[in-house]
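Side chains are part of it too, since the values below use all heavy atoms of this structure and drop only hydrogens, waters and symmetry mates. Computed from a predicted structure; not experimentally measured.
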Amino acid sequence: MIDYPRGIPVLIFVLVSAITVLSVFAIERGEKQRDAADVARKAQSMTSAIERRAYTSSAYLRAGAALLATQDEVTPDLFRRFVSELRLDANYRGAEGIGWAPIIPADEIEAFEARLGEGRVEKKQVTPSLAEVPRDTLAPILYLQPDTVRNRRALGYDMYSEPVRRAAMDLAASDDRPTASGPVVLMQEGGGNSAGFLIYMPVYEGLSRTRSLKGFVYSPFNASQFLASAGELVSYDVVGARLIDGEAAPQSILAQSDGWVEGRPAVRRELQLANRRMILEVQSARAEGLSSMSMITLLFGLAVASLLMLVARLLTQQSLEDRRAISWFEEQNSIRNSLTRELNHRVKNTLANVLSIVSLTRRRSDSLDEFAEGLDGRIRALSATHDLLTQSDWGTTPIRSVVEVELSPYASDDAHTLEMIGPHTELAPNDALSLGLAIHELSTNAAKYGSLSVPGGSVAVSWTQVNDTLARIEWIESGGPAVTKPQRRGFGTDLIEKIVAHELRHPVELDFLPEGVRCILLVPVRQPSEFELRRKGPGGRGH
C-alpha cells in the first residue's frame, strides 16, 4: 500500500467486483475455507487449554510429592491441610481431587485397613481382596480430598490390582514424572460407566540413589467433565469435540461433547497429557446449505467494493504519513543518542584536563593564593577555547582564533608587539583545546618573566601546514629580559611537554634561549568527517 498508493485501492475495487460476479459455488468454497481455519483455531485453543489443565494438575502433584517425600508418616491432618492450602481454583475443574495411595506389601493389609477406618463410622476394606486377585504389592487409596460422598467410594481400592492403572503407575515410577493412565471407569462412578483417567506422581523415600518407592499422589479425572471444562476455558459454547486415547490399541474414546455429529469432517490434533499421547478431534459447527454471505455478496458487492476502495485509499494515506513520522522520530532519536555520546565523550576529556591541571598546579604552588591564581587562569583559558568551539557548533576552529583569544589580554597594550602569521588552518575541537592551553601557558610565562613583562617586548606566533594532516606552530619571544633555563621544572613546562604533547600525539620542542623562549608544536589537522557529528547524518558517531 505504501509502494503503490494509487494502484492498490483500484486493484482492491477490481478484485472485489470480480468476486461479486463469481458463482455461489466459489463463495461457498471460500466459506468452507474460512470455516476450516476457524475449526483449526478452535482445535488449537482447546489443545492448549487441555495441556494447560494437565500441566496445572501435574504441578500440584509434583508439589505434593515433594512434601510427602519429606514426611515420615502421611497423616490425615497433614494431607487435608496440604490439599486445602493448594486452594484448587477453576484451572483444576474436571478433577475429582487429589489422593494418596501408599505402597504396601500384602502382609500389611490389616494395619492399613485399621488406618483406613480411623475416624469413620463404616469400616473400610481393601478391594479387591487377595482372594479375588492374588498379589504381593498393593497401592490402595488411603486419602482422597476433598472428602465427599463420591470420593469415599474410592477409599481402600487397590489401584495396583487393575492393569491399566498399574501400567501408568509403573511408567510414572520409572520416569519419575506425572503420568496419565489409559481409559478407566473411576471408582467414584459407583455403578456408572463414564470414562475417566488418572494422573500419577511417584513419591520416594529419601533422596539417595537407593531410595525406595513410598507411594503415589494422584488425581482422578472424569473425562467428559475434563473436556467440557477445556471448552469453557476457550469460550466456545457450541463445538463438537471428542478426546481419544492415542496410545490404546485400538484407540479408545475418552469423552465426547453433546455437539458431536457422526460423519461430519473434523480436525485432529495430537497433544501430550501428562506423559501420554492423546488425540483431540474438533468438528465444524457450520450448517449445511448456502450461507447468507452468498446472497449478501450478490446484492451489495459493488457497494462493498467501492467502500473498500475508499478505506484502502485512506489507509494508504495514513500509512504514508505514519511512515514519514516514524522515519523522522528515528532520525531524531539517532541524533539525540549520538549527541549524548558526543557530549559524554567531550565532558570526560574536559574533566580529565581539569583534573590534570589541578593536580599539577597543586604540586607546583607554594601557597593557596598562588594555587588559586594559577588554577583560575588555566580554567579561564579552557573556558575561552570552549566558547570558540561552541560558536562553531563544536566543528573546526581556526588556529588564528585560538591564538587571538589567548593573547587578547595583551593585544591592547601598546608597550608590546604581537605578531600572528599563518594560513587559514582549521583544528578539531580536542586539538584546539590543547593548543589553547599551550598558548595560555606560554603567554602567562611571557607576562611574568619573558618579553611581555617589560616594555618593548614582542611575541611572534607563526604557523604553517607541513602536510595535509599536520600543522607546525612556532612561538618566539624577543625584546625581553635575558632568559636562563629554570632550575626546577614549573607547571607550565610540565603541562606543555606532557599533557599537551600527549593530547596532540606529537612531541613539543621548548627551548629557553637567552634572547627569549622558543616553542614549536606539531598539531594534527584532521578531516571534519573524523570528528564532526552533523556531517555524518543520522546515526553518525562523534569522535
**Message:** Side chains of Arg166 and Arg135, heavy atoms from C-beta outward: is any pair under 4.5 Å?
**Reply:** no

**Donor-acceptor side-chain pairing of Gln188 and Asn222 below 3.5 angstrom** = no

**Item:** Over all atoms of both residues, closest heavy-atom pair of Ala266 and Trp260
**Value:** CB-CH2, 3.9 Å

**Asp77, CG: over 12 other non-hydrogen atoms inside 6.0 angstrom** = yes

**Prompt:** With side chains defined as the heavy atoms from C-beta onward, is the minimum distance between Phe112 and Lys124 less than 4.5 Å?
**Reply:** no

**Request:** Determine the minimum heavy-atom distance between Pro178 and Arg62, stating which atoms define it.
**Result:** CD-NH2, 3.2 Å

**Request:** Output, in order, the C-alpha distance, side-chain angles, deciding distance and verdict of side-chain contact (heavy atoms from CB on, under 4.5 Å) for Tyr55 and Gln272.
**Result:** CA-CA 10 Å; Tyr55 177 80; Gln272 287 292 323; over 6 Å; no

**Fill in**
Between Asp147 and the options Arg152, Arg80, Arg153, the salt bridge (charged side-chain N to carboxylate O under 4.0 Å, His left out) test singles out Arg152

**Asked** Hey, are the side chains of Ile50 and Leu227 touching, using non-hydrogen atoms and a 4.5 Å cut-off?
**Response** yes

**Prompt:** Parallel under 30°, tilted from 30 to 60°, perpendicular over 60°: which one fits the rings of Phe221 and Phe197?
**Reply:** parallel

**Item:** Salt-bridge present (Glu262, Arg242; N to O < 4.0 Å)
**Value:** yes

**Request:** Heavy atoms only: give me the nearest Ile141-Met159 pair and the separation to one decimal.
**Result:** CG1-CE, 3.9 Å

**Ion pair check, Arg277 and Glu247, cut-off under 4.0 Å** = no

**Prompt:** Can you tell me if Gln145 uses its side chain to pair, donor with acceptor, with the backbone of Val83 under 3.5 Å?
**Reply:** no

**Message:** Using only atom types and a distance under 3.5 Å, with no angle test, would you say the side chain of Thr137 pairs donor to acceptor with the backbone of Pro105?
**Reply:** no

**Asked** Does the Ser181 side chain pair with the main chain of Val164, one donor and one acceptor, at a distance under 3.5 Å?
**Response** no

**Asked** Looking only at side chains, do Asp170 and Tyr160 share a donor and an acceptor under 3.5 Å apart?
**Response** yes

**Prompt:** Do Tyr204 side-chain atoms and Asp176 backbone N/O form a donor-acceptor pair below 3.5 Å?
**Reply:** no

**Message:** Any heavy-atom pair between the side chains of Glu96 and Leu144 that's under 4.5 Å?
**Reply:** no

**Item:** Check: Leu254 main-chain N/O paired with Asp245 side-chain donor or acceptor under 3.5 Å
**Value:** no

**Complete:** When every non-hydrogen atom of Pro140 is compared with those of Gly156, the smallest separation belongs to CB-O, 3.9 Å

**Asked** Any side-chain heavy atom of Met169 within less than 4.5 Å of one from Tyr218?
**Response** no

**Request:** Hey, could you give me the CZ/CG distance between Phe216 and Leu198, rounded to the nearest 0.5 Å?
**Result:** 12.0 Å

**Prompt:** With distance as the sole test, does Glu321 use its side chain to make a donor-acceptor pair with the main-chain N or O of Gln318 at under 3.5 Å?
**Reply:** no

**Fill in**
Here the gap from Met201 atom CE to Ile98 atom CD1, rounded to the nearest 0.5 Å, amounts to 12.5 Å

**Prompt:** So does Arg269 pair up with Glu281, basic N to acidic O under 4.0 Å?
**Reply:** no

**Message:** I'd like to know if the side chain of Thr179 reaches the main chain of Arg177, judged simply by a donor and an acceptor atom lying under 3.5 Å from each other, with no hydrogens or angles considered.
**Reply:** yes

**Item:** Trace of the side-chain contact (heavy atoms from CB on, under 4.5 Å) decision for Phe82 with Gln71
**Value:** CA-CA 12 Å; Phe82 160 68; Gln71 304 298 315; over 6 Å; no

**Asked** Going from CZ on Arg324 to CD1 on Ile326, what distance comes out if it is rounded to the nearest 0.5 angstrom?
**Response** 11.5 Å

**Prompt:** Does any non-hydrogen side-chain atom of Arg268 lie less than 4.5 Å from one of Glu270?
**Reply:** no

**Prompt:** When rounded to the nearest 0.5 angstrom, what distance separates CG in Leu280 from CE in Met46?
**Reply:** 5.5 Å

**Asked** Under 4.0 Å between a Lys/Arg side-chain N and an Asp/Glu carboxylate O for Asp38 and Lys42?
**Response** yes

**Request:** Using a 4.5 Å cut-off on heavy atoms from C-beta on, say whether the side chain of Phe79 contacts that of Leu142.
**Result:** no

**Audit row: Ile199, Leu273, side-chain contact (heavy atoms from CB on, under 4.5 Å) steps and yes/no** = CA-CA 9 Å; Ile199 299 179; Leu273 195 157; 4.1 Å; yes

**Fill in**
In short, Tyr143 meets Thr75 closest at the heavy-atom pair OH-C, 3.5 Å

**Asked** Heavy-atom distance under 4.5 Å between the side chains of Glu132 and Thr127, does that happen here?
**Response** no

**Prompt:** Would Glu162 and Met187 count as a side-chain contact (heavy atoms from CB on, under 4.5 Å) if you check the C-alpha gap in whole Å, the side-chain angles of each, and the deciding distance to 0.1 Å?
**Reply:** CA-CA 12 Å; Glu162 195 273 319; Met187 296 303 297; over 6 Å; no

**Message:** To the nearest 0.5 Å, what is the distance between CD1 on Ile109 and CG on Leu116?
**Reply:** 12.0 Å

**Complete:** Correct closest heavy-atom pair for Pro183 and Ser252 would be CG-OG, 3.7 Å

**Request:** Tell me, please, which residues at least two apart from Leu307 pass side-chain contact (heavy atoms from CB on, under 4.5 Å).
**Result:** Val311

**Distance (rounded to the nearest 0.5 Å) between Leu213 CG and Ser174 OG** = 11.5 Å

